[in-house]
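Note sheet for the following structure.
A, B, ... follow the sequence lines: proteins, then strands. Residue 1 opens every chain. Basis for what follows: all heavy atoms, side chains included, without hydrogens, waters or symmetry-related copies. For clarity, every value in this text was computed on a predicted model and none was experimentally measured.
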Protein chains: 2
Amino acid sequence: MASVDYPDPVRRLVAQLKQLPGIGPKSAERIAVWLIQSGAETSLPLAESLIAAAREVTECRTCGFFATEEDGCAICEGEHREGQLLCIVEQPTDILPLERSGAFRGHYHSLRGRISPLDNIGPEDLRIGELVKRIDEGDFVEIILALSSDVEGEATCHYLAELLGGLAPLRVSRLAQGLPAGGGLNNADELTLLRALQGRVGV
Amino acid sequence: MASVDYPDPVRRLVAQLKQLPGIGPKSAERIAVWLIQSGAETSLPLAESLIAAAREVTECRTCGFFATEEDGCAICEGEHREGQLLCIVEQPTDILPLERSGAFRGHYHSLRGRISPLDNIGPEDLRIGELVKRIDEGDFVEIILALSSDVEGEATCHYLAELLGGLAPLRVSRLAQGLPAGGGLNNADELTLLRALQGRVGV
């Protein structure tokens, strides 16, 4: 039996969409069909945004946040930054949530990942050389490790604590672990409860 | 406090992605960041597929399936079609699953939707005029209504059965309802069981 399939341009679009994170074959097909049925007035602006983002958005050479040639980096060139604090994050996308918390107004440094032997990612694949150079040349007094509390985040944390610990009088700290805000005890796993107990504070 | 946000091109890309079906604000941000970090070699082919699909893919004027100027319609111009059977579907995307079942080799007609008063979609918004013209001019002996078995699909089914019922000696049929293949009784809802009992067949 001769098999019938979508025309080539539809299949190519589905194949491209399927690569995106969190998009499976079914979603890719649904999105492709929706885009084709919505017509050029929907597809072309999306295509233009993709091209503009690919052309204009770069990584800030200092902190690793997204920057553009035109506007520079909103973090490094922002006003009222506390120059003596440096917060280390895994990804540039971790910066905005910390900014929005309103609790930190220092500088940031994105590592562009974390140490993960299973994925063949070692310290040399991260922006750690840039970090050491930046600390050497800057006048930071405290480095805050704001990394994930999973295995890879912990490993990266230990590596950095050891690496930066020698650079006295630099203080190295990390985010507190404990109950998430609004979370009840019955929803917390054992490790979270252990950490919350270990890190208990006076009232 | 001055608020920090992503650069404009990133925010525009997120806004465009957020429009896609099944993509919420969090997924849109995740996909945008992934695309930017993957670089131009990922974003530009996706942009090109979007532009190609928007430019090249059209709706077949006869059946409503996707077609291209270059290759025409794979359904209407396909070989070994049974010319006397016409299967009516809601969307062009319903055609391939029916083809893949291998149980039907006739022609198709996509309505481009179904009657849905809540969404302000009436018969005049669907490809029903084209359908009547096609039946008038063709030599079909059976019309198979392959519509959804939900409220809107049923309403569309009734409307079409009434409209086409007068065109004797045309036979109008619809898909059987009953237990899905591989489905146990305990997973079937009451309406499905009712339909399965009503439609029972001799063994």
* Shortest non-hydrogen contact from A:Ala53 toward B:Pro9 ->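 The pair with the smallest heavy-atom distance is CA-CB, 4.1 Å.
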Between [X] and chain B, which part of the residue has a heavy atom less than 4.5 Å away: side chain, backbone, both or neither?
X	answer
A:Thr93	both
A:Glu59	neither
A:Leu35	side chain
A:Leu13	both
A:Ala67	backbone
A:Leu46	both
A:Gln37	side chain

From [X] [atom1] over to [Y] [atom2], what is the distance, rounded to the nearest 0.5 angstrom?
X	Y	atom1	atom2	value
A:Ser49	B:Leu17	OG	CG	7.5 Å
B:Leu50	A:Glu48	CG	CD	10.5 Å
B:Phe66	A:Arg11	CZ	CZ	13.5 Å

* For the candidates B:Pro92, B:Pro45, B:Gly78, which exhibits the highest count of non-hydrogen atom pairs separated by less than 4.5 Å from chain A? ->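 Option with the greatest count: B:Pro45.
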* **Region of B:Ile36 in contact with chain A, defined by heavy-atom distances below 4.5 Å** =>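 Side chain only.
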* To do: Side chain from CB out, backbone as N, CA, C, O: work out which of these in B:Ser43 comes under 4.5 Å of a heavy atom of chain A, or both, or neither.
  =>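 For B:Ser43, backbone and side chain are both near chain A.
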Does the side chain of [X] reach to within under 4.5 Å of the side chain of [Y], using non-hydrogen atoms?
X	Y	value
B:Asp5	A:Arg100	yes
B:Asp71	A:Pro7	no
A:Val4	B:Ile75	yes

Should we say atom [atom1] of [X] is surrounded by more than 12 heavy atoms from elsewhere, each under 6.0 Å from it?
X	atom1	answer
B:Glu124	CD	yes
B:Glu69	CD	no
B:Glu190	CD	no

* Residue pair A:Ile31, B:Ile23: steps toward the side-chain contact (heavy atoms from CB on, under 4.5 Å) verdict -> CA-CA 9 Å; A:Ile31 293 172; B:Ile23 307 290; 4.1 Å; yes
